[in-house]
Amino acid sequence: MPLCKTAPQSDTPPPPAAMASIVLHAFLSTLPVYVFFAIGFYLRRKGALSPQNDAPIMQLAMDVGYPCLIFYNIMRYMVVDAAPGISSIGFSLQAVGCGFAELALGVAAAWAVAKLLRLRIGTGLRTFTLTAGVQNYAFFVIPIVDMLFSGPGDPTLGVLFIHNMGCEIFVWSLGVMLMCGGAKDLRLSTLLRGPLLAVAGSLLLAWSGLGAYVAQPPIMKAAEMVGAVATPICLILFGCSMYDLTRHFTWQPRMLVSGLAARLLLAPALILLLAWALPVDPLIKRIMVIQSAIPSAVIPVILAKRFGGIPTIGTQILLSTTLCSFLTLPLWLAVGNAWVAPLLPGP
């Protein structure tokens, strides 16, 4: 049974005034992300946050803050508030499966564009495919969800973390295999990362009934406070990285335009079509609509450096899609809101 009822989707396009209102609302919901980027860019440019400090700060955010954020939100909606249906195994498997399928579709779209470019292994095929195919499914999305669905008892943020388990599984299994050209470098320890373990552990606690004993006010408050640091820290550090990457950088227009086409045009259209067609809960469709419009992630660039890809190609796609998504993201959210699943209030 769906957790929320969507308004009937009409085949008639919304009037121009309504669409303009939706685009404006979507634009405002994405603005905090770029504010954090600008803060990081400014801090690095002024020398207030040096590169040697990035690793320990990122480790704090990813290994401590982010797992606490995941635990808090899953426990809140599956145990404390006990939103009907969200704690079922079937719902969780739907969300995880959609996250996995979403990235697989994005990577397939990027691979098709890469083949049109006649890229081959050794000339950027793997790096282009993974970077243009994988969106920044975690920290880019969290502030947008917070802005759009901040009402009391709204479980969308908790659903996001369950959905992202499918994304994590894809990246650290098939994504690694794609980048390194096979399963030879795939290790179980590569897959068993803090965020994935946090989702799996939280789901097991909720399903088993033990979550009621763990999700007590002192633990929940501590997890909420620690988890609150993860998103702003990671977005600020990404802004710092953008400053580092733009220095002494040579753009390749052909690669840049192709990356934009794959990540910000073809992939969103295909993912929205998938979300429209799948008979899944409206809450999951919400997440898929938002994820469809998100620019490239930094993880593929890291994998390219580690497994012999071409990081400069990934960096171009990462930077260009992040900058251009400032314009395209609200438009895709408006399209998804109008034809796939309601995200935004009416005009």
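If you chain together hydrophobic residues whose side chains sit under 4.5 Å apart, L264 and L116 never meet in one group. At a threshold of 4.5 Å between side-chain heavy atoms, the hydrophobic network of Ile, Leu, Val, Met, Phe, Trp and Tyr places W207 and I162 in one connected group. A chain of hydrophobic side-chain contacts below 4.5 Å, direct or via other Ile, Leu, Val, Met, Phe, Trp or Tyr residues, connects V113 to V257.
Taken from OG in S88 to CG in L93, the straight-line distance is 8.5 Å, to the nearest 0.5 Å. The structure places CZ of R44 at 4.0 Å from CG of D54, a figure rounded to the nearest 0.5 Å. Atom-to-atom distance recorded for S92:OG and F161:CZ is 14.0 Å, nearest 0.5 angstrom. If you take CG on N337 and CG on L148, they are separated by 9.0 Å, rounding to the nearest 0.5 Å. Remark: T129 OG1 to M179 CE distance equals 8.5 Å, nearest 0.5 Å. Taking CD1 from I70 and CG from L196, the interatomic distance works out to 8.5 Å, rounded to the nearest 0.5 Å.
Under the 6.0 Å cut-off for aromatic ring centres, Y34 and F140 qualify, their centroids lying closer than that.
Under a 4.0 Å N-O distance rule, the pair D281/R286 does not qualify as a salt bridge.
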Item to check | Derivation and outcome, side-chain contact (heavy atoms from CB on, under 4.5 Å), residues L333 and T30 | outcome: CA-CA 10 Å; L333 291 187; T30 63; 4.2 Å; yes
Item to check | Steps toward ring-ring contact (aromatic ring centres under 6.0 Å, His included) verdict (Y66, F139) | outcome: CA-CA 9 Å; Y66 191 37; F139 292 108; 4.7 Å; yes
Checklist entry - Run the side chain to side chain donor-acceptor pair (under 3.5 Å) check on Q291 and N164 step by step: do they pass? => result CA-CA 10 Å; Q291 293 280 5; N164 283 0; 3.2 Å; yes
Next on the checklist: As a quick check of understanding, evaluate side-chain contact (heavy atoms from CB on, under 4.5 Å) for I299 and W172, giving each step before the final call.
Outcome noted: CA-CA 10 Å; I299 292 174; W172 298 103; 4.0 Å; yes
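Two residues are said to be in side-chain contact when any heavy atoms from C-beta on lie closer than 4.5 Å; I284 and F91 meet this criterion. Residues P155 and L283 meet the side-chain proximity criterion, which asks for heavy atoms closer than 4.5 Å. Side-chain contact check for Y137 versus L103: some heavy-atom pair is nearer than 4.5 Å. Between I310 and R126, the closest side-chain pair of non-hydrogen atoms is not below 4.5 Å. Residues K115 and L125 form a side-chain contact, since some pair of their non-hydrogen atoms from C-beta on lies under 4.5 Å apart.
Counting non-hydrogen atoms of neighbouring residues, nucleotides and ligands closer than 6.0 angstrom, the OH atom of Y42 reaches no more than 12 such neighbours.
The shortest non-hydrogen separation linking V289 to G336 is CG1-CA, 3.6 Å. Minimum heavy-atom separation, T127 to G314: CG2-N, 3.6 Å. Across S325 and P295, no two heavy atoms sit closer than the pair OG-CG, 3.5 Å. Nearest heavy-atom pair, P268 versus R263, reported as atom, atom and distance to 0.1 Å: CD-O, 3.1 Å. Taking all atoms of both residues into account, the shortest heavy-atom contact from L117 to M255 is CD1-SD, 4.3 Å. The shortest heavy-atom contact between G99 and C167 is O-SG, 3.7 Å.
In this view, D63 satisfies the salt bridge (charged side-chain N to carboxylate O under 4.0 Å, His left out) rule with no residue, not counting sequence neighbours.
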Pair up each side-chain donor or acceptor in residues 229-242 with any protein partner under 3.5 Å, not counting sequence neighbours, and list the distances.
residue: S241; atom: OG; partner: L237; partner atom: O; Å: 3.1

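Ring geometry for F27 against F326 counts as perpendicular: the plane angle is over 60°, on a 0 to 90° scale with 30° as the lower cut.
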